[in-house]
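See below for the structure under consideration.
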Amino acid sequence: AQRVTQPEKLLSVFKGAPVELKCNYSYSGSPELFWYVQYSRQRLQLLLRHISRESIKGFTADLNKGETSFHLKKPFAQEEDSAMYYCGLRGGGGNKLTFGTGTQLKVEL
Amino acid sequence: GAVVSQHPSWVICKSGTSVKIECRSLDFQATTMFWYRQFPKQSLMLMATSNEGSKATYEQGVEKDKFLINHASLTLSTLTVTSAHPEDSSFYICSARRTGATGELFFGEGSRLTVL
């Protein structure tokens, strides 16, 4: 079974402060991890995936297999980062994508 | 980028009626589509995996006779909520993956169902 845990429902930070959205997973094999974002009144869209090892909009996420985590980080939060963030897991060779419960990020001025 | 479109965006129906929601991949082919359900302020719950030309694979706890899924072509999957009841009111979201590709899913804008 595959499971994703996002412990924080809401994360509120001030503009310019560092951001870390936590994601832990449970999967016995080699997972693919993703972060999806949903801005207000928009559809869900891919932010980044661990295999790409890229930085998108200043966000990065490193897969830590020892801690089974894939936390999303950004050194300086911007107002436009306010959105709902979902961590997703796809089991190796599998098809379906399982999401965590999501974290609402609110960046305050 | 790839676009997935859902129709209708919102629908209100009477209890006991059936409602069909369409999910189309507009500029790519999708062998596999996924149907999610989202409750207010909650996560997306995967309901089923829709496979073109074959039966859908339902997640545990999802009634396949209640939520009928048909994936008749490489660009269209439909979800029919049969004999809808107020507890079926929810936000239904579909997503699709390009045929032959792995990884990224493209999401529809969602369909809001309200059952009176």
Side-chain angles (χ1 to χ4, degrees), chain A residues 1-11 21-25 27 30-54 56 61 63 70 83-106, chain B residues 1-7 9-10 23-26 30-52 54-62 69 71 77 91-112:
Chain A
Q2 52 194 62
R3 187 185 181 105
V4 180
T5 303
Q6 291 179 253
E8 303 141 328
K9 276 195 172 181
L10 173 66
L11 182 63
L21 300 169
K22 291 185 167 51
C23 172
N24 288 89
Y25 68 89
Y27 185 70
S30 294
E32 269 189 84
L33 275 298
F34 302 82
W35 276 99
Y36 279 79
V37 60
Q38 187 172 29
Y39 299 103
S40 179
R41 300 182 187 278
Q42 295 186 29
R43 68 186 69 195
L44 209 64
Q45 57 185 287
L46 178 68
L47 181 62
L48 54 79
R49 68 185 90 178
H50 89 271
I51 58 174
S52 300
R53 300 186 66 82
E54 57 194 345
I56 303 293
L63 177 61
F70 188 56
M84 193 73 175
Y85 291 81
Y86 292 96
C87 181
L89 179 151
R90 178 169 164 265
N95 215 1
K96 65 183 183 183
L97 184 61
T98 302
F99 287 102
T101 47
T103 298
Q104 178 76 46
L105 174 64
K106 185 177 180 182
Chain B
V3 178
V4 175
S5 177
Q6 281 184 243
H7 178 80
S9 299
W10 57 271
C23 176
R24 293 181 185 273
S25 56
L26 297 185
T31 306
T32 305
M33 292 184 175
F34 303 88
W35 286 96
Y36 291 85
R37 181 173 179 177
Q38 187 175 36
F39 294 96
K41 299 187 179 181
Q42 294 190 36
S43 185
L44 298 100
M45 182 193 78
L46 179 64
M47 298 175 65
T49 302
S50 173
N51 304 297
E52 188 268 337
S54 65
K55 290 183 179 181
T57 304
Y58 290 82
E59 294 301 300
Q60 192 173 10
V62 178
I69 291 173
H71 195 149
S77 175
F91 197 56
Y92 294 88
I93 305 172
C94 77
S95 66
R97 180 178 291 130
R98 291 179 190 271
T99 297
T102 60
E104 183 177 3
L105 289 181
F106 298 95
F107 283 82
E109 62 269 55
S111 299
R112 170 78 59 193

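Proteins get letters first, then strands, A, B, ... in listed order; numbering begins at 1 in each.
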- Run the numbers on A:Arg90 and B:Arg97 for side-chain contact (heavy atoms from CB on, under 4.5 Å), then give the verdict. CA-CA 13 Å; A:Arg90 178 169 164 265; B:Arg97 180 178 291 130; 3.4 Å; yes

- What's the spacing between B:Ser95 OG and A:Arg43 CZ if we round to 0.5 Å? 11.5 Å

- Message: Checking A:Glu54 now: which residues fulfil salt bridge (Lys or Arg N to Asp or Glu O under 4.0 Å) with it, not counting sequence neighbours?
- Response: none

- Task: Kindly compute the distance separating CG (B:Leu44) from OH (A:Tyr36), expressed to the nearest 0.5 Å.
- Result: 11.0 Å

- Item | Interchain contact, A:Tyr86 with chain B, by part (heavy-atom threshold 4.5 Å) | side chain

- Interface moiety of A:Gln6 toward chain B, non-hydrogen atoms closer than 4.5 Å: neither

- Considering only heavy atoms from C-beta outward, does the side chain of B:Glu109 approach that of A:Gln42 to under 4.5 Å? no

- Please name all residues satisfying ring-ring contact (aromatic ring centres under 6.0 Å, His included) with A:Tyr85, sequence neighbours left out, ordered by chain then number. A:Phe59

- Inter-residue atom distance A:Leu97.CG - B:Leu46.CG, 0.5 Å rounding: 8.5 Å

- Task: To the nearest 0.5 angstrom, please state how far the CG atom of A:Leu46 sits from the CZ atom of B:Phe107.
- Result: 9.0 Å

- B:Gln38 portion near chain A, given a 4.5 angstrom heavy-atom threshold: side chain

